[in-house]
Each structure stands twice: as C-alpha cells, then as structure tokens.
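In what follows, every chain begins at residue 1, and chains take the letters A, B, ... in the order their sequences are listed. Just so we're clear, the structure is a prediction, and the values are computed from it rather than from any experiment.
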Number of protein chains: 2
Amino acid sequence: MVEEKKNATIYDVAAAVGVSLATVSRVVNGSENVRPATRDKVLAAIKELGYRPNAVARGLASKKTTTVGVVMPDMTNLFFSELTRGIDDVAHMYQYDVLLTNTDDDPERALTAIRNLADKQIDGLIFMGSQLSDKVLTAIRATGIPVVLAGSVDKDQQLPSVNIDYKMAFSEVTARFLESGYDRVALVTGSADRAIDVDYRRAGYEAALLKAGKKLDEELIFPGARSYQDGVRLAKVIRDADANAALVYDDEVALGVLNGLQDEGLKVPDDFEIVSANNTTFTLVARPELSSIDQPKYDIGAVAMRMLTKLMDKQDLGEEQILLPYTMVNRSSTK
Amino acid sequence: MVEEKKNATIYDVAAAVGVSLATVSRVVNGSENVRPATRDKVLAAIKELGYRPNAVARGLASKKTTTVGVVMPDMTNLFFSELTRGIDDVAHMYQYDVLLTNTDDDPERALTAIRNLADKQIDGLIFMGSQLSDKVLTAIRATGIPVVLAGSVDKDQQLPSVNIDYKMAFSEVTARFLESGYDRVALVTGSADRAIDVDYRRAGYEAALLKAGKKLDEELIFPGARSYQDGVRLAKVIRDADANAALVYDDEVALGVLNGLQDEGLKVPDDFEIVSANNTTFTLVARPELSSIDQPKYDIGAVAMRMLTKLMDKQDLGEEQILLPYTMVNRSSTK
DNA sequence: CTGAAAGCGCTAACAG
DNA sequence: CTGTTAGCGCTTTCAG
C-alpha cells in the first residue's frame, strides 16, 4: 500500500503551531495584525509541513479566483499569439493565471467559451477577434465580469479596448500608394461585414481615395482571404483586376499574394508594391522583405491586461478606448 | 441603485421546485436515480432561474477542477502553438479548460508555474520544452498530478510522452544528404547539452555518419541558434566551415540560414541543401521552399491530451512512450 | 427515488 | 493581536 501523503491544510499548520486557523490565514495573506513571534512560528510550520494554500477553497471563500479568461480566434496565428504573450506576461506579473480558449472566430464557440469561463468564476476576461457579435456582447454583459478587448473593436465602443488607429493606418498607407503613382490599390481584408474590416480598414482606405479625388472601385476590394494559400490564389485575381499595389490586412496572406504575384512573373516592388499590416516575423523571411504597418502587438496585449487588472480592482480607468501608436516599416516590397 | 442580480445557487432551484439540493445536484450531474417527473421540474427551474453550477464550489467539493495546466516555452513559436492547439481542442472536447503558462524554457519559471498550477488544483498537466531539469521533474512528481510530455523528452523516459522518433528522423535526413554526395553536413540544434539535442538530434546525425563510415566533425555542429536572425548570422559561419548541406532543428532558424546563405550568393539547392524539422508555414513562404521533416504537431498535442484524460480517469495507458509517425516533405531546398 | 447532514479548505466579520 | 463562528456553493455518503 502506498501511503497517500495528503497535502497539509491550514488546520494542520494551525494545530502544529497551536494557533487558530484565522491566524494562519492572516500570515498567509500578509495581514499586519500578527505578532512577529507568532508569524515566525507559523511561517516555520508552513515551511516544515510544506503547506500551500488551496486556491480553489480560497476562491470559493473569497470570491476571487485570480484567474482571467482569454478568448481568441487562433493561437497559431502569430498576430494573436504575440498579443496573448503580452497578456500572459502581465497577467502573471500581477499573479493572475490565464485560461485560454480558441474560437476560430466562431461566435457560437465564443459564446460557449464565455459561459464556461464565467462558470469557473474568472475575475476578468480579455476578448480578441474580429467577430464580436451582439449575442456575444450580450453574453459578456450578462456575466458581469470585467472585460477588455485587445486588438479588437466593438462597433459602438461600449467596452474598454486597446488597439491602434486602424483607420488612420490604412488611410496613410493608401495615400502613400496614391502619391507614388500607384493608382490601382487593392485592399485585402478579413471579411466583408465585420466592424474592423468595414468601419476601420475599408473606411481608412476609402478616406484616402476620396481625399485624392478618386472613388472606391469595389473590384479592388478582396475580403475573405485567411491563409497563405488563400493569398497565393488571390494573387491571380488581384492581377486580373489590374491592380498595381496592395494593402493586405494579414502577413501570411500578404506573403501569399507576394509569392503568387512573383510566381506569375511580376516584379515586386517595380511592377507592384505590397504593404502588410501586422509586422510579424513573416515580413522578414519574405523575399523581397515586406513593408508593413507595425502594430505593437505585445504591448496591445500587455496594456489590455493592465487595464483589466485595474478594472478588477475597481480602480478608475480613465480613457477606456486606448489607441497605441503604430509605425510604418519600409522594407523592399515598396520603393 | 442598481439591483445586483445575484446568480442563482443550487439552493434557489431546490427551493423553487420544493426538493432538496441533493436532488438538484443529481439532475445536474446526470444521475440515473431521479424520477423523470422530478427531473423535468428541476430542469425547468434551472432554466427559469438561469442557474449555472459554480465550478469553484464544485471543485472544492469534488476535488476535480476539470482544468489542466499547460506549461510551454513560448506560444509565439509556431511549433509550440500548433502543439498547444491540438491540446486545447482535445481538452475542450473532454470538457477541460486549459491554464496556459509560458516559461521561455527557463527552469525557474517552469518550477514556479508548476507549483502555482498545483495550487490551483489542476487535474492534469502537459509539459513542453527542451529543458526538463531534474528539479522540474522532482517538482512535477511532488505534486502527484498526472503529467504527459508533448514534443519533449525526459532522459530516462520516466514520464508518459508523445513525440516522433527524432533520432531516426535526423539520422534519415543525414543519410540522404550523404547518399546524395553532400559530405559536409552541418547540424544546427537548439542547445549543446539538452537531451533532445544531444541524445536524439545529434545522436541520429552521428549514427548516420558512422554508418556511412565517416566520423563526426565537431566543427559542423552548431548549437544555440533560436531565432530567424540567429539563423542569418549563422549562415556565414556555416559557410566558412565549408559545409554543403544543413539539417536545422527549427524552421525560423532554417529560414535564416537559407536567406543568409543566398544573400551571400550561394545557390540553394545547387550549391547547398537545407532541410528543416518542423514543417510550419514558414517552410512554404521561403524561396526556395524548404524541405522538412514533417512532425504531426497538432496530433502530438492532441494525442498527449488524450493520454492525459485517460490518466486523469485512472484508465490504463498501455504504451507510455508514444512515437507518432513522421514523413519527409521534399520541396525545393533539396534536389 | 429522495432528503439530511457532513464536509471540501479557506476567508471574513465579529468579538474580545 | 488572536480566536470563534459562519458561511462560500457544491458533492457525497448514509438513511429511509
């Protein structure tokens, strides 16, 4: 028979020292109100017994789990994994653990995830993804759990969020293309109907067009590409549309477009310029290297998590809609 | 004053129906022993009140949290994020949530992470990373929590694990190089001292060399490269070592070597052949596309998680050291 | 098939 | 400064 060495409980250390469990609880939680001598004895017993507080019991009694939920589309996408890395680091810095769920941007799965996380009594939630449907928003609200959006916008800006100014960034890139004489700028977005694609990326693109006295040509807008392979396929279509430049929302897709175009004999950047938007490692490995909008991905996650800690502590947030600065990184896919 | 709508508890639904909380618990947990009529009434009340069981309370009472911990080096590395994606999907399939922690392969952080996860009473743990130090191993043991290693080996094979046969794969690639007349094969590994690098990757490489009647030349072994940039820098060194082929343990590093070599004017695959080992998307975006060992990354994670569910259910595991099949993907970085 | 009662391990007033 | 006393919301015997 193997002896099951049960974990020591707070009772065991209280008994060992000859104090009440309240006192042990106090020293564990760093309360001032303990005589140093008592504290030392308790500490010694804790060490001796190898006592570690049971976080579940704690959670039940205190109604705080020191756990946050992170709901994201797909952790194998570098954009999101870098955001999440920022979240994770800051979360652990503040002693929170992270419950992670991938949704593949499926609202149903997001719904399930949120409810499930709420059941686990998470103290806060970070939500990512282009698809923030009303149902999901309602579900989040219903839980009453503090939430921050990271790299994600909700149409009506009802929730605290951290982003860059997507509209301005897309407008800026488009304007540059136009100024450089590239008059047929293709825009590749994630979807045809989501806020981030329509109200920000496309809106920025359109704004630059209008400012330059041109009007938007629907045939130059390409929604729906999600993978490298999608990008490769898209290259032909973009070429057939007679575009001479492209602004692509995702690096892998951009790389697909780049390689696809080159495989068809186009010279980048001489015949065609491409700018991507996430500045992940993918932009560096491309030949030519991809110019890109540089979003501070890690920081977006980190700042979002930091905001969430304030929310969980019921501190004042100040500005709820944070826009972090972005920069343009010019590499060899543009002149 | 906003009315705080408190979440309904099991008492509330018991009271609403006029049964005891034990009965409610039974229907919630799908026990057979409830009269259908009673069950229906309870179910109706649950729906009516929007009752959702508090997982923390459940965890305390049942000593099961339906949560597993995942300890990994870095989620922004595609190899690990794809493994973890497999873990995550299977975990949720079996109703487990995933607590994620990045360690950057730092044993100290792994230690902290494991203890912390144990405090949260996780039901199981999946560990990834090349660095499984004795201290970490001891810490894992001390928790008594079921563990499975994914894409990670422990020297003495004391823990259940899921991998491919790294030694055979590395031997096979090396042998091919040799057969094709590439007699100076560089080996790029992650470290000079860890089990996976020494006992598997390097051992496989060496085995092929010996079999071909050659002996290992230390100058052709390059440990320690971790990033794309490291690979770029390494390219010159590899070239100076007069190598004419390279087997690289990581895709991003391999890409760095590839681009670095090409930037110096070498022709791949004519002057130099390269094979990488993880077959992530990076192999596809390279020009020429990288040949690679194809590890079933998602499956490694998925199988590891499936094993863990068995362990947590105290089912018999059968073989504890699982080796999944790998394949070779020949692209344009080899002839 | 159902209920009563005893915890799970800890926090949090409330006394003293 | 320390102990007592209630719970937190649920599972789990044990009776009946």
**Asked** Taking CD from B:Gln121 and P from C:dC8, how many angstroms apart are they, rounded to a whole number?
**Response** 14 Å
**Item:** Closest to side chain of A:Pro53, choosing from C:dC10, D:dC1, C:dC1
**Value:** C:dC10
**Asked** Roughly, in whole Å, what's the span from CG in B:Asn29 to C1' in D:dC10?
**Response** 9 Å
**Message:** Just N and O in the side chain of B:Lys63: are any of them under 4.0 Å from OP1 or OP2 of C:dG7?
**Reply:** no
**Message:** Please tell me if A:Thr9 has a side-chain N or O lying less than 4.0 Å from either OP1 or OP2 of C:dG9.
**Reply:** no
**Euclidean distance, atom CG of residue B:Leu60 to atom P of D:dT11 [Å, nearest integer]** = 11 Å
**Request:** Remember a base hit wins even if backbone is also touched, and classify B:Ser25 as base, sugar-phosphate or nothing at under 4.0 Å, heavy atoms.
**Result:** base
**Residue closer to the 5' end of DNA chain D, B:Ala22 versus B:Val56 (nearest nucleotide)** = B:Val56
**Asked** What heavy-atom pair brings A:Glu319 and A:Met307 nearest, and what distance separates the two atoms?
**Response** O-CE, 4.2 Å
**Prompt:** Taking all atoms of both residues into account, what is the closest heavy-atom pair of A:Pro296 and A:Leu324, and its distance?
**Reply:** CG-CB, 4.0 Å
**Prompt:** Hey, does the side-chain of A:Arg26 have a donor or acceptor N/O within less than 3.5 Å of a partner on the base of D:dG3?
**Reply:** yes
**Request:** Find the distance B:Glu32:CD to C:dC1:P and express it as a whole number of Å.
**Result:** 9 Å
**Request:** Please state whether the phosphate of C:dG3, meaning OP1 or OP2, lies under 4.0 angstrom from any side-chain nitrogen or oxygen of B:Thr23.
**Result:** yes
**Message:** Measure CD1/B:Ile46 against C1'/D:dG9 and give the value in whole Å, please.
**Reply:** 14 Å
**From B:Thr103, B:Asp104, B:Asn102, B:Thr101, residue fulfilling side chain to side chain donor-acceptor pair (under 3.5 Å) relative to B:Arg109** = B:Asp104
**Complete:** Considering only heavy side-chain atoms of A:Ser62, the closest of D:dT2, C:dT11, D:dC10 is C:dT11
**Message:** Can a side-chain donor-acceptor contact be found between A:Ser31 and A:Asn29 if the only test is distance below 3.5 angstrom?
**Reply:** no
**Message:** Any base atoms under 4.0 Å from A:Val19, or only sugar-phosphate, or nothing? Heavy atoms, all strands.
**Reply:** sugar-phosphate
**Request:** Please report the C-alpha distance between A:Arg115 and A:Asp119 in whole Å, then the side-chain angles of each, then the deciding distance to 0.1 Å, and finally whether the salt bridge (Lys or Arg N to Asp or Glu O under 4.0 Å) criterion is met.
**Result:** CA-CA 6 Å; A:Arg115 296 211 179 104; A:Asp119 292 348; over 6 Å; no
**Message:** Heavy-atom nearest nucleotide on DNA chain C for B:Gly18 versus B:Ala61: which residue maps closer to 5'?
**Reply:** B:Gly18
**Prompt:** Rounding to a whole Å, what distance do you find between B:Arg58:CZ and D:dC8:P?
**Reply:** 18 Å
**Asked** When the distance from NZ of A:Lys120 to P of D:dC8 is rounded to whole Å, what number comes out?
**Response** 22 Å
**Prompt:** With a non-hydrogen cut-off below 4.0 angstrom, is B:Asn54 in contact with a base, only sugar-phosphate, or nothing?
**Reply:** sugar-phosphate
**Request:** To the nearest Å, give me how far apart CZ (B:Arg39) and P (C:dC1) are.
**Result:** 9 Å
**Asked** Is the shortest side-chain N/O distance from B:Tyr11 to OP1 or OP2 of D:dT11 below 4.0 Å?
**Response** no
